[in-house]
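Down below is the structure, laid out as structure tokens.
Side chains included, hydrogens not; waters and symmetry mates left out as well; all remaining heavy atoms used. Numbering of ligands and ligand atoms starts at 1, following listing order. We're numbering straight along the sequence, starting at 1. Note that this is a predicted model, so its numbers are computed, not measured.
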Amino acid sequence: MISCPEIWTEFFEKYYSEEINNLAFRIKSGGDKRAIYVNFIRDLSVFQEGRLGEELIENPDEVLTHAEKGLASSTNIYGVSLEGCKPRFHSLPSTKKIMIRDIRSSHISKFIAIEGIIRKVTEVRPRIISAAFKCLNCRNVIQVPQDDSTLRYPYECRCGSKRFHLIPEKSISIDSQRVKIQEYPENLRGGEQPQSIDVILEGDLTGVINPGDRVIINGIVRAKPRGVQQRMLTHMDLFIEGNSIEMLQQEYEEFEITEKDKEEIMKLARSDDIYEKVVRTIAPSIYGHEDIKLAIALQLFGGVAKKLPDGTEIRGDIHILLVGDPGVAKSQLLKYVHRIAPRSVYTTGKGTTSAGLTATAVRDEIDGRWTLEAGALVLADKGIALVDEIDKMRKEDRSALHEALEQQTISVAKAGINAILKARCALLAAANPKLGRFDRYSPIAEQIELSPTLLSRFDLIFVMTDEPGEERDKQLASHILNMHQLGEMLEKFKGTNIKEDLKSKISKIEPAVDPELFRKYIAFSRNIFPVLSEEAKQKIEEFYVSLRSRVKENSPVPITARQLESIVRLAEASARIRLSDTVSAEDVERVIGVVQRCLAQIAVDPETGDWDIDYAYTGTSKKQRDRIFTIKKIIEELEDLNENGAPEEEIVSKAREKGIEESKAREILSKLKMMGEAFCPKYGFYRIVRRR
Ligand code: ADP
Ligand code: MG
């Protein structure tokens, strides 16, 4: 026996009279959120020893009807009818929270809670809940309640006719939306595929969640036979009929950090060699690359996001790009970070089946509705996105990525879908050179398939080359071989006494900080918001000014405000590693070292040896740009002296007078032609293309 509607009225009047009055007021003033939110654990499970709660879990269909009736009969001070208002239940006890992968047939028709990240949402469209049919014979109108996705017709009219016509304007519809909720990426053990389940949301629950949102959904588990055209199978598909949504704002709350953990973290943060320890915790199986490991550590801890008084937002997340030869452990590094980061999503740019990096809007193949699906950067919101082979990403992602990396949002406006998705994540990406191997004498911009503007969004770009060198090769070989030799032994002798000489070998390939603790350490550090000290500010300023002051007219730009912001972010991250709330001068020195070594790899014009940030991002050095400018000027001067344009030989000799070598001049001429800046009216003659 389940409780009758009167008991529910009693419950509502006892615990929710204020909410009911508010609801009545909303209805009176034409509002449309016609629902009451009931706190399950606080109120329902104490009222009458929790009987109503238990009934709801076991018999949600009947109980929800009774609760709705009970709510409708509750009195309110405005005397407004509460007919059709929905009771919605949230905050279920944790025992009723089921993992998506654990939903079984025993849960069918039960009320449960699931938690996860929203992967896909369809546009909101009306669904008929009561269809009006007109009899084609006697014109009689019949209402047929609808509770399935296929339209149900009346069987027969009272006149005996079986031919009907649907009248949409007399049918009753409700807003409806289907979303897909998926397990959190961070709760999966390596290699596991995330499981997901569809949720149907109706009425006031529609249009409120976006892909990437982390939510709890409370609702009823439903099963639907799988239909293959006319044949129905006995295998069922499960989905959830949503009753309520709880939005979660969690940062890293899923980490339980005990007092003991906290003590250990504090102790670590105070140790003198914490930065070395941290570096030795990032991918110890990979030999060398200390700068990259330090950069990754800084990325994991992250800078501080800021909102300026004028509303501008500055990201705290640090983006890193690894470019380099095949087989230098780029992919390995990414996979390692995936395992160790508190929240991360791993994907590769060439995955064609996945939703890509940003977001995709596609038509659903089943019901033709537009569906918005979250890509990796959305799913990694408030974490880190690991994208291997980013140079192979889809065309759509290329344009969306600019916004995603700087504003940390992804705007979608397509068909019935208008959304701004959040992508507040750090990006660690790897790219391979176009021609297979990296040529350190050519600019990286020419060697990888990423646009200059996109390259400039990365705080740090590392070039990883595989250059033979006897000493390094020997060390690397011994490191890799040790790993192969000891990897298994370590498993076997876990916890037992190991000989001293083995111990020292092992310490080189074991993480310096236990990965579980490291993850908590990172999560814990995120609650600290370091601020630049005066000395730190001064150090950064000095660095910036010293580089900029070398800039005379016509010389390259060594560094821009963008790098300045990067240094601030990195220095804040460095302070976070110490759990310090001030950024010290040492923090700044540490990160300037990394930034300098990074820029030395990519932003030094090999011709002049000068630092040149344009050379890094566009592949064209300041000097080269000046030369191009000079040659264009020469063509302009000469082109009108001859009916066919400027003769090549004359251009070359004039260029030589201005200090441009012959080979360079000819190279620039062919470049100008290729880029459509100049053309040849006749072989060996040049004119400038003038655009109006
Ligand atoms: P990439 O993605 O750069 O092409 P991978 O990550 O697939 O390269 O690495 C190829 C293999 O070489 C991996 O098994 C990796 O462990 C090994 N390797 C390369 N460089 C190192 C290194 N410095 N230390 C340890 N192993 C390395
Ligand atoms: Mg690879």
Side-chain angles (χ1 to χ4, degrees), residues 190-191 276 278-297 299 319-341 344-352 354 356-357 376 384-394 397 427-440 444 447-450 455 458 460-491 504-512 515 594 597-598 601-602:
E276 280 151 57
V278 165
V279 166
R280 282 195 291 115
T281 302
I282 311 282
S285 65
I286 290 165
Y287 172 79
H289 301 305
E290 277 80 13
D291 260 351
I292 298 180
K293 291 179 183 178
L294 176 58
I296 290 174
Q299 184 182 38
H319 303 315
I320 301 178
L321 176 66
L322 309 176
V323 193
D325 292 341
V328 291
K330 297 187 298 298
S331 303
Q332 283 284 358
L333 265 171
L334 261 55
K335 284 193 189 128
Y336 193 88
V337 176
H338 180 41
R339 282 205 299 275
I340 200 161
S344 70
V345 173
Y346 179 94
T347 186
T348 111
K350 66 179 173 192
T352 44
S354 72
L357 303 186
I384 173 165
L386 304 156
V387 182
D388 205 356
E389 313 204 6
I390 194 170
D391 47 313
K392 305 202 177 56
M393 73 184 138
R394 306 173 311 165
D397 282 334
L427 172 64
L428 175 59
N432 289 313
K434 263 191 270 189
L435 300 171
R437 264 189 186 275
F438 197 78
D439 167 13
R440 65 144 105 186
I444 59 160
Q447 302 193 56
I448 49 172
E449 210 104 28
L450 293 177
L455 283 176
F458 287 95
L460 294 169
I461 300 177
F462 288 97
V463 177
M464 298 168 81
T465 51
D466 183 15
E467 280 167 34
E470 201 171 327
E471 191 46 37
R472 187 180 178 272
D473 287 350
K474 221 166 98 189
Q475 296 269 355
L476 173 64
S478 122
H479 186 93
I480 293 181
L481 294 174
N482 272 345
M483 228 160 49
H484 282 259
Q485 181 191 23
L486 296 175
E488 228 164 87
M489 251 195 247
L490 225 54
E491 277 302 305
S504 81
K505 273 198 206 172
I506 288 169
S507 72
K508 286 203 189 91
I509 58 165
E510 253 195 340
V594 178
R597 287 189 290 275
C598 223
Q601 278 185 314
I602 60 161

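Counting all heavy atoms, side chain and backbone alike, Pro433 lies closest to Gly324 at CD-O, 3.0 Å. In plain terms, the two heavy atoms of Ile390 and Leu321 that are nearest each other are CG2-CD1, 4.1 Å. Between Lys293 and Ile286, the shortest heavy-atom contact is NZ-O, 2.5 Å. Among all heavy-atom pairs drawn from Val594 and Asp291, the shortest one is CG2-OD1, 4.0 Å.
In this structure, ligand 1 sits under 4.0 Å from heavy atoms belonging to Ser285, Ile286, Tyr287, Asp325, Pro326, Gly327, Val328, Ala329, Lys330, Ser331, Gln332, Leu476, Ile480.
Counting only protein atoms, the N, O or S atoms lying less than 2.8 Å from the Mg ion (ligand 2) are Ser331 OG, ordered by chain and residue number.
Side-chain N or O atoms of Gln332 include none that pairs as donor or acceptor with a backbone N or O of Gly327 at under 3.5 Å. Panel note: side chain Lys330, backbone Ala429; no donor-acceptor pair is recorded below 3.5 Å. Panel note: side chain Asp397, backbone Leu357; a donor-acceptor pair is recorded below 3.5 Å.
Every residue meeting the side chain to side chain contact (heavy atoms under 4.5 Å, CB included) condition with Val463, not counting sequence neighbours, appears here in chain and number order: Phe438, Ile444, Thr465, Gln601, Ile602. For Tyr336, there are no ring pair (Phe, Tyr, Trp, His ring centres under 6.0 Å) partners two or more places apart in sequence or in a different chain.
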